[in-house]
Every structure is written in structure tokens, then in C-alpha cells.
Amino acid sequence: MSNSAQTSASNRIHALLDENSFVEVGAYITARSTDFNMTAKETPADGVLTGYGTIDGNLVYVYSQDASVLGGSMGEMHAKKISSLYSMAMKMGAPVIGLIDCAGLRLQEATDALNGFGQMYLSQAMASGVVPQISAVFGTCGGGMAVSSAMADFIFMESKKAKLFVNSPNAIEGNRVEKCDTSSAAFQSEEAGLVDFTGDEDEILSKIRTLISILPANNEDDMSYSECTDDLNRVCSDLENCAGAADIALSQISDDGFFMEVKKAYDPSMVTGFIRLNGTTVGCVANRTAVYGEDGEQEAEYEAVLSYRGCEKAAKFVSFCDAFNIPLLTLVNVRGYKASKCTERRIAKAAGRLTYAFANASVPKVTVVTGEAYGTAYLTMNSKSIGADVVYAWPSASIGMMDADAAVKIMYADEIAKADDSLALIREQSAAYRELQSSALAAAKRGYVDDIIEACDTRKRVIAAFEMLFTKREDRPDRKHGTV
């Protein structure tokens, strides 16, 4: 163990990993720069502990920055140790976890440190989509280190003391920390959408352990399964009442009620997260119109629409699941796109990216229409049209171009204007339109829905669908990559 053995950096590693499993690599490495009186400064392990260990028996590689050594600043050898750790992780096919507490680039080493940073970026880029990457910010994570953290698949952030920023809040014209702390966990999770999970140090380490236990070790690993102790045919009797609260619906469907939500604070109208079905990890995307507290009281309500933030959030999540061969389940309840000036600036591109992410994903994909599914917003939410393998609908679901009343008012505008009882005419024509064009049955007759299922049977039907799709193989056009 390095000279920094008793610092918070090593304490975090030991709290994260299985007891006595950590093996340090590069403990004797120190800074080799002699400029600016660096020879007079001690740099144990050059400010970063690197090594490997296990979480619930699963191999992981870990680096933890030591703020007691030059503020945990990034020097040449510091960066080289992290890059070497990535090389080992790539060879072994195991996740990399970074515990961040870094004052930034080490000024005394200048271009050597800068080059080391670049090599670390390259290592992260090459590992993307090959092994899961997790960053957990416990102290300062500024400038180039913020870019490094953003390249990870998941970011955890301590909610009170941690700071994550490219530009310090006080360096932004017209802003002060007291006015808007852009480096805080709240801002980065709720406004920027960069941070996936926040909490105190113990909560973060616990959540990382949980995440590692459900993720594949790499993009070729088929071992992210556990023994299922839940009834595969369990009836979810209250599921229909949870159509708006997608997080609750997903936890009811999942084995033993397990649900790990990702980016919960960023646009809550779109839900992304992981559940377990028959012991298998499944990625979930769902529209949410209501949030309920632990006491069962409704805390917030949202429109059943797609926003640009929700689309960006879901697109990144779908891309991750596809890269690591994690099946996708989508619960749909959407009427269209959010209508606002702010949304209009970015919604087309964001919706295009989500549409592409679903269409490009070759993993097993199952969709359940739980409420409304209207227009191209429904197409974006993993419809049959863009490649969903199996699509189910609840009996009460509506699937079509738009709400029946709205469609009738457009189609029969002249007749309604002349009618003695316009409301009666609208009701009559709406009922006919709903039956012929926007009901679950109408969609099923056209092959756009594979089956109409009772809400209470969703768990067993979805499990059966994923079991059928277990050996799915689907090629994509021969290309380097898409550009959406």
C-alpha cells in the first residue's frame, strides 16, 4: 500500500470493494518532474491510488484521487497510472470506477501533464462501449477532469461538498456561487443532466455496488444474471392504476420490486432505469405523468409529452443498453411533443436522436402501450414501425394519429359548424373514429400491436417475450457508424 494508505482516497476504495480484495498497482510511482522545486515535494503514488478488487465477487478496476497530495492534481505520472489501469481493464473485460477529487491540471508539469490528460481521454474513448465506466465525484472535479467524468457511462456525485464544473461559477460573467452554483450536485443533476445519482458518500458507494452487480462486465459478457426468487407468473393486480407513475409500474413488474432509476432528477417526465426480469437485467424507458411520495400522495404532475431533455436522457440510456447487450422494455403513454419556445429550439434534434437510438439498437426490444400513443411521438418511443420486436397494449390504450375528439373537429369542421347539436355530432363521430382508427384493437388488426394484454398480466407476458427473444440476432448495414 502507498504512503497515502490512511487518506480518504484509500478509505473510499476499501468501503467500495469487498473486504480485503483491493490490490494496489503502481504504489511506488511518484512525480518525475524536477521543475519549480518539485523535488522538494513528496508525491506518494503521485496523488492517485490505482488497482483492482471485487464487488460481490465481480472484478473491477478502481482509481481514487488523493486530495492530500498536491490537491489530487493531474500530473504526468498520475495520468499515466490511470491510462495503464484502463489498459488492464480492457484486457480483462472489467468495469473501471473512478473516485474523483482533483484540483485540476498540475501547473508545475504543464505540457507533460497536459499530454497525460490527453492520453487518459484516449483510453476512455477506446474503452467506451467495451467496459462500463463509472465516475464518482467526492471533492473537486473541474476543467479537464469534468470532461473526463462526462465521458463515463454513469456519474455519481456527493450532494454537499462535491463540485463539478468546466468553468468555475464565479468565472462565468454575471454569475456568482450565491446566485447560481453551477458546480453543485443539484445543478449538474437537475439542470445539466450530467449526473445520474446524488447522495452522501455512503449512499453513493452503496449505489455503485448495486449498479456493478446488475451490469455486464463488458460488451461480450453474458453473466449479468442472478437467480430469480420471484414468481414468474405473478399477477400485478394494481398495475393499471400505475399507468401514470411509470417508476412504480416498473418496480411492480420487476423481480422482487427491484428498480434502479437513472438521472431521476433530470426531466422526471421521462423515466430511465434498470429492472430485473427472471434474473436478467433489463433497461427501461417510460413516460411518466405523475410522481408519488412514500406516503402515497401525489407530489408532481406532468404532461404526457416528449421534451428535448427527456429525449436526450433516453437516447443516451438506450445507446448504453445496446452497447452492452441489455434488453430494452418501453412503457408508452405519450400524446405528442412539448410545446414551448425553449423546447422548440432542440426538440427536433433530440427526438431524432432518440428515434435513431431505438431504431439502431439490435438488442431484444419489447414495448407496452399503457395509455395514449399518438402521432410521431409514439413512433419515437420504440414503436413497431422503428423496430420493436414485440408490442403489447393494454385494453384501454389509444393508438393513432391524435386524440379522437381533435381528429373529428378537423375532419368534420364544416358539418360541426352547421349542426344543430355540434356536441352530439362530435361525440358520435369521435366514438366511430376511436373504434376504427385509435383503439388498441384497431392497431392490433393492422399488425401494429402484437397482442392486447390485461395490465395485471404484463409481468409474465413481458418475461415470456424476452425469453423468446433471448437468441435474437439482427444485422445492421455495413458502415462505420451512424451520424445522428
Side-chain angles (χ1 to χ4, degrees), residues 236 239-240 242-244 246 249-250 252-254 270-272 275 277-278 280 282-289 304 306 311 314-315 317-318 321-322 326-336 351 354-404 434-474:
C236 305
L239 196 61
E240 192 167 9
C242 303
L250 289 169
Q252 288 198 19
I253 295 169
S254 180
M270 180 71 81
V271 175
T272 55
I275 65 173
L277 291 176
N278 194 14
T280 301
V282 174
C284 301
V285 177
N287 307 115
R288 173 164 51 193
T289 58
L306 295 183
C311 288
F317 182 78
V318 170
C321 290
D322 186 47
I326 298 172
L328 286 163
L329 171 65
T330 309
L331 302 186
V332 180
N333 181 19
V334 65
R335 297 174 60 88
L354 179 55
T355 304
Y356 173 81
F358 270 126
N360 188 58
S362 59
V363 295
K365 296 177 287 189
V366 175
T367 295
V368 180
V369 181
T370 62
E372 298 167 316
Y374 291 144
T376 56
Y378 163 54
L379 299 184
T380 293
M381 287 295 293
N382 199 25
S383 62
K384 194 82 168 177
S385 311
I386 65 169
D389 299 299
V390 177
V391 176
Y392 294 130
W394 291 355
S396 58
S398 299
I399 304 168
M401 184 60 203
M402 63 176 64
D403 176 72
R434 194 171 292 109
E435 180 182 353
L436 294 172
Q437 285 289 346
S438 63
S439 66
L441 181 60
K445 286 181 176 179
R446 291 169 170 81
Y448 306 138
V449 168
D450 293 298
D451 200 0
I452 300 172
I453 64 173
E454 295 297 328
C456 61
D457 293 331
T458 301
R459 170 176 163 80
K460 66 180 181 181
R461 294 301 300 273
V462 168
I463 287 175
F466 279 124
E467 285 184 345
M468 179 272 292
L469 293 166
F470 183 76
T471 56
K472 176 187 174 182
R473 297 291 183 271
E474 185 178 12

**Prompt:** What do the steps show when you test Ser385 against Tyr448 for side-chain contact (heavy atoms from CB on, under 4.5 Å), and what is the final call?
**Reply:** CA-CA 8 Å; Ser385 311; Tyr448 306 138; 5.5 Å; no
**Asked** Quick check: does any side chain N or O of Thr272 sit under 3.5 Å from a backbone N or O of Phe317, one acting as donor and the other as acceptor?
**Response** no
**Message:** Between Asp389 and Lys384, does any side-chain N to carboxylate O distance fall below 4.0 Å?
**Reply:** no
**Request:** Answer yes or no: is there a side-chain heavy-atom contact under 4.5 Å between Trp394 and Ile453?
**Result:** yes
**Fill in**
Nearest heavy-atom approach of Lys365 to Phe358 is NZ-O, 2.8 Å
**Asked** Do the non-hydrogen side-chain atoms of Thr330 and Val368 ever get within less than 4.5 Å of each other?
**Response** no
**Prompt:** Once you round to the nearest 0.5 Å, how far does CG of Leu469 lie from CD of Glu474?
**Reply:** 10.5 Å
**From OG (Ser254) to CG (Asn278), nearest 0.5 Å** = 11.0 Å
**Fill in**
Applied to residues 371-381, the salt bridge (Lys or Arg N to Asp or Glu O under 4.0 Å) test, sequence neighbours excluded, yields Arg335-Glu372
**Pairwise distance CD(Glu240) to SG(Cys456) - rounded to 0.5 angstrom** = 8.5 Å
**Request:** Only one of Asn382, Leu250, Thr458 passes side-chain contact (heavy atoms from CB on, under 4.5 Å) with Leu329; say which it is.
**Result:** Leu250
**Asked** With side chains defined as the heavy atoms from C-beta onward, is the minimum distance between Leu306 and Met381 less than 4.5 Å?
**Response** yes
**Prompt:** Do Asp322 side-chain atoms and Ser362 backbone N/O form a donor-acceptor pair below 3.5 Å?
**Reply:** yes
**Asked** How far apart are the closest heavy atoms of Leu354 and Ala314, and which atoms are they?
**Response** CD1-CB, 3.6 Å
**Message:** Atom CZ of residue position Phe466 - does it have more than 12 heavy atoms of other residues, nucleotides or ligands inside 6.0 Å?
**Reply:** yes
**Item:** side-chain contact (heavy atoms from CB on, under 4.5 Å) against Lys445, all qualifying residues, sequence neighbours excluded
**Value:** Leu441
**Short side-chain to backbone donor-acceptor contact, Thr376 and Leu379, under 3.5 Å** = no
**Prompt:** Just how far is it from atom SG of Cys321 to atom CD1 of Ile326, taken to the nearest 0.5 Å?
**Reply:** 4.5 Å
**Asked** Just wondering, do Val285 and Val271 contact through their side chains at under 4.5 Å, heavy atoms?
**Response** no
**Asked** Has the side chain of Asn287 got a donor or acceptor atom that lies under 3.5 Å from a matching backbone atom of Ala304?
**Response** no
**Request:** Measure the spacing between OG1 of Thr380 and CD1 of Ile386 and express it to the nearest 0.5 Å.
**Result:** 6.5 Å
**Asked** Asn333 and Ala243: which non-hydrogen atoms are nearest, and at how many Å?
**Response** ND2-O, 4.2 Å
**Side chains of Lys460 and Leu277 in contact at under 4.5 Å (non-hydrogen atoms)** = no
**Asked** Which heavy atom in Ala249 sits nearest to a heavy atom in Leu331, and how many Å separate them?
**Response** CB-CD1, 4.3 Å
**Message:** If I take atom CD1 from residue Ile399 and atom CZ from residue Arg446, how far apart are they, to the nearest 0.5 angstrom?
**Reply:** 11.0 Å
**Asked** Is there a side-chain contact between Arg459 and Leu239 (heavy atoms, below 4.5 Å)?
**Response** no
**Asked** With sequence neighbours left out, what residues match Tyr378 under ring-ring contact (aromatic ring centres under 6.0 Å, His included)?
**Response** none
**Prompt:** Within a strict 4.5 Å, meaning less than it, do heavy atoms of the Phe470 and Pro364 side chains meet?
**Reply:** no
**Prompt:** Which heavy-atom pair separates Ala393 from Ala440 by the least distance, and what is that distance?
**Reply:** CB-CB, 4.0 Å
**Prompt:** Are side-chain heavy atoms of Pro395 and Glu454 found at a separation under 4.5 Å?
**Reply:** yes
